[in-house]
Protein chains: 2
Amino acid sequence: MVSIKDIAKQAGVSISTVSYALNGSPKVTKETSARILAIAKELNYIPSAAARSLKKQETKIIGIYLTNYSGAFYGQLLQGMMETLSENGYELIVCSGKESHRFLPERMIDGAIILDATYETKELLSHAERGHKLVVMDRRMDHPNISQVLLDNKAGATLAIDYLAEKGHRKICVVKGPDISFDARQRLEAVQKAVQRYSHIEYIEIDGDFNKQSGEEAGKKIHQDFTEPVGVFCLNDEMAIGMYNYFSRTNLRIGEDVHIIGFDNIEVSQYIQPRLATINYSKHKWGALASELLLNLIQKKQSPEHERINVSLIEGDSVRKR
Amino acid sequence: MVSIKDIAKQAGVSISTVSYALNGSPKVTKETSARILAIAKELNYIPSAAARSLKKQETKIIGIYLTNYSGAFYGQLLQGMMETLSENGYELIVCSGKESHRFLPERMIDGAIILDATYETKELLSHAERGHKLVVMDRRMDHPNISQVLLDNKAGATLAIDYLAEKGHRKICVVKGPDISFDARQRLEAVQKAVQRYSHIEYIEIDGDFNKQSGEEAGKKIHQDFTEPVGVFCLNDEMAIGMYNYFSRTNLRIGEDVHIIGFDNIEVSQYIQPRLATINYSKHKWGALASELLLNLIQKKQSPEHERINVSLIEGDSVRKR
DNA sequence: TCTCATGTTGCAAACGTTTCCTTTATTATA
DNA sequence: TATAATAAAGGAAACGTTTGCAACATGAGA
């Protein structure tokens, strides 16, 4: 591999001069600089990321931790992050491997954004304690090195229940998410609080894990116990899609017998028939904001911030007047 | 940051001994090793990735280059890769940023898997020329440092056309993909060859770019020119979904007036009504194989291999007998 | 002519590891 | 008891940068 040492030799200057020239420092005169640049290009020189980050103690890389890529909204989320980061000279890498949690403590990345419920809060805390900067999108954490930007799950869940109630539903069923998910817990909590406001509503809970499969199973359970039209709040769209799949094989009709509302407004939701009612929020903004807070923490050494992403109701023919 | 130097001082040994102990070398006696390990843990020592990779000239990280995450099958693909890689002590990072192509030449990663048509072949070639190892999944390349594993697009496209013909369709329309995509070009080529075998078939081409939007537009065009039932081969499922969306707002029925078959068998395809006929292949296997070939290139210094992923037809009610 | 400021370049340390090669201590063998 | 062989630990160079500081040259001002 050709290093600045080779360039220095070729140009008859010291390696420090080469380094300054390569970094566009005004300390070195135009002519020498040009000569050095030319030689560098000619020798096909490419800097060593390892050497640079060893010396500078930074990598200009941010990591985003995701549980599983299958989640249907990561596209826009990552897009939002990348834009903000690249404007500030940072690169984004998606970390998903078993051992990728090493990246932060080993200083392979300058900071991390967490959207991965399996990442232990204890571990995150110890990173922060070591001085690493974090943004969490999937839990609440209070620490001078951790910012957070969370969805307004409470408002979303309340909107969903109110929507069903407003449409005249008196039997409401919620398909829960996994306990490990902060969003799932918050949504469920808000649901329980919301239904209490409607004394006439019969309220049922069914287990779910945010995957399509569990949506199908929940659909089956609803089918078995079916006596009258029911409003179903699937705590995410993914499960709602699974439930669609189940009912497409039955004699019950969505929007007539079974009324479904989801959460997330993933892309598919607008393509299924009938259009899924759901709770929407800007994934792009969520990602952009998370990145921004992280950069604030890293660059401006600003104190941590706690932001919230607004949600809104999207109506759909999957929920009709009872 | 605490380094092996600190541990050495604390333990009263040299840094080389610490390094050996940390790496479990048999050169250092059990007792000292234990003592060193204990001190390392006590000091919360964590190795520096930069220092190690600078010295060892490897990172044990593989990069996968993707254009856009929105692509609906990346989940399984990445899963397949990660499994193979982590079994061999490698981590996977997803590189998507504007500047992330620097990762390979700057030796931030030990090798790369390419599934990103915007990555210039010329650039890939220059990497390979420098000695970097690559696997391409989206183009043909012949070089001692490049392996390739491609879909059998030709077989897939032929299956699709034959399926439509077999169902009695004599008017067949293909919605093309972007020119930049190797898969799109291969599929189109095979389509053109396949329809020639059916002299009675009226064949039409419509532009497309692999996104839902262009599927909708293609649907509109088909609607405008509609005179008789037509069989449509969308060169990927994504566009087929867009076309579903368009026709859901019209009086034409999919599987009756417009018969659609896609390519990729993305997850949603089984959840839309009617079930989309499509061409299937194992994304998991595709990813696993690509990783395996890359490791062969890197570790075993094996010569490059050229593999092909088989495809199969999935029937669906989106295509019925004419 | 001397001094001083200014501009250009070079020296060398440092970042944190790994690893080859010595040195020293210990034990076995003749 | 002398010597060789083995085991354990340390010294130091190397990986490829960045950067504070020193050195030197040049021209301006007194």
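Convention: sequence-line order gives letters A, B, ...; per-chain numbering from 1.
Side-chain N/O atoms of S19(A) include none lying less than 4.0 angstrom from OP1 or OP2 on dT17(D). At the phosphate of dC15(D), neither OP1 nor OP2 sits under 4.0 Å from any side-chain N or O atom of S48(A). Using a 4.0 Å cut-off, some side-chain N or O of T17(B) falls inside it from OP1 or OP2 of dG10(D). At dG16(D), none of the side-chain N or O atoms of R52(A) fall inside 4.0 Å of OP1 or OP2 (strictly under the cut-off). At the phosphate of dG16(D), neither OP1 nor OP2 sits under 4.0 Å from any side-chain N or O atom of S3(A). Between Q57(B) and the phosphate of dA14(D), there is no side-chain N or O to OP1/OP2 separation shorter than 4.0 Å.
Only one option out of I113(A), V149(A), N296(A), V135(A) pairs with S291(A) in a side-chain contact (heavy atoms from CB on, under 4.5 Å); it is I113(A).
The nucleotide whose nearest atom lies closest to any side-chain atom of I4(B) is, among dG16(D), dT17(C), dC21(D), dT17(C). Relative to the side chain of T29(A), the nucleotides dT9(C), dG16(C), dT18(D) differ in distance, and dT9(C) lies closest.
Rounded to whole Å, atom P of dT24(C) lies 17 Å from atom NZ of K27(B). The CZ-P distance, from R107(A) to dT17(D), rounds to 20 Å in whole Å. Rounded to an integer number of Å, the gap from R35(A) CZ to dT9(C) P is 8 Å. In this structure, Y45(B) atom OH and dT17(C) atom C1' are separated by 7 Å, rounded to whole Å. The CD1 atom of I7(A) sits 14 Å away from the P atom of dG10(C) (whole-angstrom rounding). Taking atom CG of residue L22(B) and atom P of nucleotide dG16(C), one finds them 15 Å apart after rounding to whole Å. The separation between K56(A) atom NZ and dG20(D) atom P is 11 Å, rounded to whole Å. dT18(D) atom P lies 11 Å from atom CG of L54(A), rounded to whole Å.
Counting only N and O atoms by type, the side chains of E129(A) and H143(A) include a donor and acceptor under 3.5 Å apart. Residues T32(A) and T29(A) bring no donor and acceptor atom of their side chains to less than 3.5 Å of each other. Counted by atom type alone, D183(B) and N153(B) present one or more donor-acceptor pairs between their side chains at under 3.5 Å. Side-chain contact annotation: T121(A) with R139(A), donor-acceptor N/O pair under 3.5 Å present.
When each of S14(B) and N23(A) is assigned the nucleotide of DNA chain D with its nearest heavy atom, S14(B) is the one assigned upstream, toward the 5' end.
With hydrogens and angles left out, the side chain of Y20(B) and the base of dG11(D) share no donor-acceptor pair within 3.5 Å.
Among the atoms of the strands shown, none is found under 4.0 Å from any heavy atom of I36(B). Counting any heavy atom pair closer than 4.0 Å across all strands shown, T32(B) reaches sugar-phosphate atoms only and no base atom.
Residues T84(B) and Y90(B) have side chains not in contact (no heavy-atom distance under 4.5 Å, counting atoms from C-beta outward).
Residues meeting the ring-ring contact (aromatic ring centres under 6.0 Å, His included) test with Y281(A), sequence neighbours left out: W286(A).
One N or O on the side chain of D138(A) and one on the backbone of D116(A) form a donor-acceptor pair closer than 3.5 Å.
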Identify all pairs in which a protein N or O lies below 3.5 Å from an N or O of nucleotides 12-14 of chain C, and state each distance.
| unit_1 | atom_1 | unit_2 | atom_2 | d |
| --- | --- | --- | --- | --- |
| dA14(C) | N3 | K55(A) | NZ | 3.0 |

